[in-house]
Amino acid sequence: NSFVTRTNTCGELRSAHVGQEVTLYGWIQYQRQGLFLVLRDFQGLTQIIIPQDEAHSHVKKLLSDAPVESVVRVTGIVSLRPPGQENLKMSTGDIEVKVETAEILNSCKKLPFEIKDFIKKTEALRMQYRYLDLRSFQLQYNLRLRSQIVMRMREYLCNLHGFVDVETPTLFKRTPGGAKEFLVPSREAGKFYSLPQSPQQFKQLLMVGGLDRYFQVARCYRDEGSRPDRQPEFTQIDIEMSFVDQAGIQRLIEGLLQYSWPEGRGSITTPFPSMTYEEALADYGTDKPDTRFGMKIVDISNFLRRSDIQFVQNALSYPHGTVKAICIPQGVRYLKNKDLESLKMSAKSLYNQEIMEIICRPDGSLKSLLTKFLGEKQQSELIQALNMQVDDVVLLAAGEYKQVCSALGSLRLESADLLEAAGLVLRDPTVFHFLWVVDFPLFLPKEENPTELESAHHPFTAPHPSDISLLYSDPTKVRSQHYDLVLNGNEVGGGSIRIHRAEQQRFVLEKVLKEDSEVLSHLLEALEFGAPPHGGIALGLDRLISLIVDAPSIRDVIAFPKSFKGRDLMGNAPDYVTPEELEPYHIQVSWPLAEKEAKKP
């Protein structure tokens, strides 16, 4: 309460304060028949007794007439609540404040929605009136916890481990590869800045500059359009170190998270388990596995290779052909026929992958179109291979390896959602499973043109030391020194050891990625001036906090987020500007097109 005119907050008064005169400031949360009201501030709630005697009639009228969410000052005496009227759900539930004087500091007009967490509100309305939504207990909690975690991270990095907090520019130039960047016009005709998707180049240049250990709570920008789990501007904990290897970065991050982890969320165990990219794809069908539950993908190619099933033989005849399956525990009991059909439709529409189901009947026999091709012994072996129990449902897929793995990985998560919706708990929301995924491929074929390659992480990632010769002979087989941190099936961090030699960086850009290296001439030149070996990582702060507080969206841990379409519904941004305002930037807008866009629903 230093620097302010209140004596206490609304969350701190206890029986020890009885008899004291206090002054409180806050918002009227609730008012009942002119008898009492509940006053709220950032720390909690206090019950305020409205005086009923004639001497205080003006105070009674003032507080009785004040609308909910008006801002008031009250001064009064702390007293114990009458026996039996204590409220155990309130931290101040033993006491009440009997008002002597009051002042309405600002009256509140009719609200667009009630400021209560249990009241359902559309997200669009919440974002339009974000300043009201911020008054809710949950958003207050989320933002304050976020602040505490960031402060603990600063302590760990700067005070305990000698990191230097450096702010890097947000006006820069285009970076080849990676996400699409926002452009910012300049007063030089035809020239534009880019908002950086991360401080990647700057943090590497800081290592060349000898800073040794860099850290920043960095604002980043990506023009990725309408993606429900992304924001066009977001925050990452950005880190870079010199003379470090992959294990060193991993140990640093494990210590950082352990140090900053909030007390109320249990403890986390280090070191975190590790898994290669190939293992993750084979067992979970994704490079960000949720390891809180089983249902791993099982390869049954060798088992079915001897069968006469035509579609299986067709699949296995291809160079990367495979047959894999997942076993859904108690699927018969918890999933309806329409659920199984929706799973099959999902695999078909998203991955063009056919799915066949196998059901384990109560007598232990199998029900499937496959059984007529399998003898009793083979069926028994199949049950054993998949560890099937009575009422389990198996989903089987045959085809190209990566497609089959991806489809079954997606079905594994969809099945878990369906089972949990039906009452079977698979994933405990209070449990936090961290996982390192390592040994990613350095390059991947481009989706739009598979004959060309793109960086799996970014073009500055160093090849695996064992695969350096392959970089020059067969780049598709090169593993990288890229590592991702996964939490409960969500990627919360990613980093790599960087290329620190100019000739290798130039080869990757020009020969492998076919990029114009001139765009990065400043970085390439810097690498020629004695650049140290270095590496780093960035943690996605928004996603990490949303998982810690179990928020349904990252928008619930950001003070002023953008909408699904990247709009600020409160300030109505982006907005039009006049031709006169655009003139210094040598830009003309095709107004008919802009008007057409504006009319779209």
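For the single chain, residues carry numbers from 1 onward in sequence order.
- Taking a 6.0 Å sphere around NZ of Lys348, one finds it holds more than 12 heavy atoms contributed by other residues, nucleotides or ligands.
- Pro199 places a side-chain heavy atom less than 4.5 Å from the side chain of Gln236.
- Taken to the nearest 0.5 Å, the OG atom of Ser517 stands 11.0 Å off from the CG atom of Leu523.
- A heavy-atom distance below 4.5 Å is not found between the side chains of Tyr221 and Val184.
- The side-chain tip of Arg152 points at the ring of Tyr259 from less than 6.0 angstrom away and within 45° of straight on.
- With hydrogens and angles ignored, the 3.5 Å screen pairs no side-chain donor or acceptor of Glu583 with any backbone N or O of Glu580.
- Proximity of a side-chain donor or acceptor of Gln231 to a complementary backbone N or O of Phe234 within less than 3.5 Å is not detected.
- Both tests hold for Arg412 against Phe293: distance to the six-membered ring centre under 6.0 Å, angle to the ring axis within 45°.
- Using bins of under 30°, 30° to 60° and over 60° for the plane-to-plane angle, the ring pair Tyr483/Trp436 lands in the perpendicular bin.
- Aromatic ring pairs are classed by plane angle as parallel below 30°, tilted from 30° to 60° and perpendicular above 60°; the pair Phe440 and Tyr277 is tilted.
- In Lys446, the NZ atom is crowded: over 12 heavy atoms of neighbouring residues, nucleotides or ligands sit closer than 6.0 Å.
- More than 12 heavy-atom neighbours from other residues, nucleotides or ligands sit within 6.0 angstrom of CD on Glu448.
- Salt bridge Lys288/Glu491: absent, no basic N to carboxylate O contact under 4.0 Å.
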Run the numbers on Asp516 and Arg174 for salt bridge (Lys or Arg N to Asp or Glu O under 4.0 Å), then give the verdict.
-> CA-CA 12 Å; Asp516 178 10; Arg174 189 183 71 83; over 6 Å; no
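- Using a 4.5 Å cut-off on side-chain heavy atoms (C-beta onward), Phe172 and Ser194 make no contact.
- Counting only N and O atoms by type, the side chains of Asn159 and Arg154 include no donor and acceptor under 3.5 Å apart.
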Does the salt bridge (Lys or Arg N to Asp or Glu O under 4.0 Å) test come out yes or no for Glu354 and Lys344, once each step is laid out?
-> CA-CA 7 Å; Glu354 297 288 349; Lys344 289 194 218 173; over 6 Å; no
I would like to know whether Glu510 and Glu515 meet side-chain contact (heavy atoms from CB on, under 4.5 Å); could you show each step before the answer?
-> CA-CA 5 Å; Glu510 295 176 357; Glu515 292 276 4; over 6 Å; no
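- Looking only at distances, a side-chain donor or acceptor of Ser186 sits under 3.5 Å from a matching main-chain atom of Glu188.
- Note on Lys203 versus Asp238: salt bridge recorded, some NZ/NE/NH1/NH2 to OD/OE distance being below 4.0 Å.
- The residues Glu224 and Lys180 are annotated as not salt-bridged, no charged nitrogen and carboxylate oxygen being separated by less than 4.0 angstrom.
- Panel note: side chain Thr286, backbone Pro289; no donor-acceptor pair is recorded below 3.5 Å.
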Applying side-chain contact (heavy atoms from CB on, under 4.5 Å), run through Leu343 and Ile355 and close with a yes or a no.
-> CA-CA 9 Å; Leu343 289 170; Ile355 299 293; over 6 Å; no
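- Counted within 6.0 Å of NZ on Lys477, heavy atoms from surrounding residues, nucleotides or ligands total 12 or fewer; the atom is thus considered open.
- Ion pairing of Asp542 with Arg146 is present here, as a side-chain N (NZ or NE/NH1/NH2) and a carboxylate O approach within less than 4.0 Å.
- Side-chain contact check for Met207 versus Arg498: every heavy-atom pair is 4.5 Å or farther apart.
- Judged by distance alone, with hydrogens and angles left aside, the side-chain atoms of Asp283 form no donor-acceptor pair with the main-chain N or O of Lys296 at under 3.5 Å.
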Determine, stepwise, if the pair Gln481 / Thr461 fulfils side chain to side chain donor-acceptor pair (under 3.5 Å).
-> CA-CA 7 Å; Gln481 293 190 68; Thr461 302; over 6 Å; no
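- Counting heavy atoms from C-beta outward, Asp299 and Val323 have side chains that stay 4.5 Å or more apart.
- Between the side chains of Thr235 and Arg219, at least one donor-acceptor pair of N or O atoms lies under 3.5 Å.
- In the displayed structure, His586 atom NE2 is contacted under 6.0 Å by more than 12 heavy atoms of other residues, nucleotides or ligands.
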Applying ring-ring contact (aromatic ring centres under 6.0 Å, His included), run through Phe460 and His482 and close with a yes or a no.
-> CA-CA 10 Å; Phe460 315 113; His482 160 202; over 10 Å; no
Go through the steps to decide whether Gln403 and Ser406 satisfy the test side chain to side chain donor-acceptor pair (under 3.5 Å), and finish with yes or no.
-> CA-CA 5 Å; Gln403 177 180 301; Ser406 299; over 6 Å; no
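- Within the 4.5 Å cutoff, the side chain of Asp290 has heavy atoms near those of the Arg427 side chain.
- Taking the six-membered ring where the residue is Trp, Phe434 and Trp261 present perpendicular rings, their angle passing 60° and hence far from 30°.
- In the model, Thr322 has a side-chain atom that pairs as donor or acceptor with a side-chain atom of Ser301 under 3.5 Å.
- Under a 4.0 Å N-O distance rule, the pair Glu254/Arg251 does not qualify as a salt bridge.
- For the pair Pro232/Phe182, a side-chain contact is recorded, criterion being any heavy-atom separation below 4.5 Å from C-beta on.
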Should Arg292 and Leu426 be marked as a side-chain contact (heavy atoms from CB on, under 4.5 Å) after you check the CA-CA gap, both sets of side-chain angles, and the distance that decides it?
-> CA-CA 8 Å; Arg292 287 175 295 172; Leu426 285 178; over 6 Å; no
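- Closest approach of Thr291 and Met275 over heavy atoms only: CG2-CE, 4.5 Å.
- Remark: Lys514 does not engage Glu452 in a salt bridge, criterion side-chain N to carboxylate O under 4.0 Å.
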Please lay out, stage by stage, how Phe507 and Tyr472 fare under the test ring-ring contact (aromatic ring centres under 6.0 Å, His included).
-> CA-CA 9 Å; Phe507 178 85; Tyr472 304 97; 4.6 Å; yes
Worked check of side-chain contact (heavy atoms from CB on, under 4.5 Å) between Phe272 and Leu485 = CA-CA 9 Å; Phe272 301 153; Leu485 182 61; 3.7 Å; yes
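- Between Glu181 and Arg222 no salt bridge is recorded (no basic side-chain N to carboxylate O distance below 4.0 Å).
- Using a cutoff of 4.0 Å between basic side-chain nitrogens and carboxylate oxygens, Arg501 and Glu528 are not scored as salt-bridged.
- Distance check, rounded to the nearest 0.5 Å: CG of Leu350 to OG of Ser410 gives 6.0 Å.
- The CG atom of Asp165 lies 9.0 Å from the CG atom of Leu157; values are rounded to the nearest 0.5 Å.
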Test side chain to side chain donor-acceptor pair (under 3.5 Å) applied to His500 and Gln505, step by step | CA-CA 8 Å; His500 68 281; Gln505 184 65 79; over 6 Å; no
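- Taking CG from Leu520 and CG from Leu509, the interatomic distance works out to 5.5 Å, rounded to the nearest 0.5 Å.
- Among pairs with a residue in residues 434-443, those fulfilling salt bridge (charged side-chain N to carboxylate O under 4.0 Å, His left out) read Asp439-Arg479, at least two apart in sequence or across chains.
- Atom CD of residue Gln258 and atom CG of residue Leu256 lie 10.5 Å apart, to the nearest 0.5 angstrom.
- With a 4.5 Å cut-off on side-chain heavy atoms, Leu281 and Lys402 count as touching.
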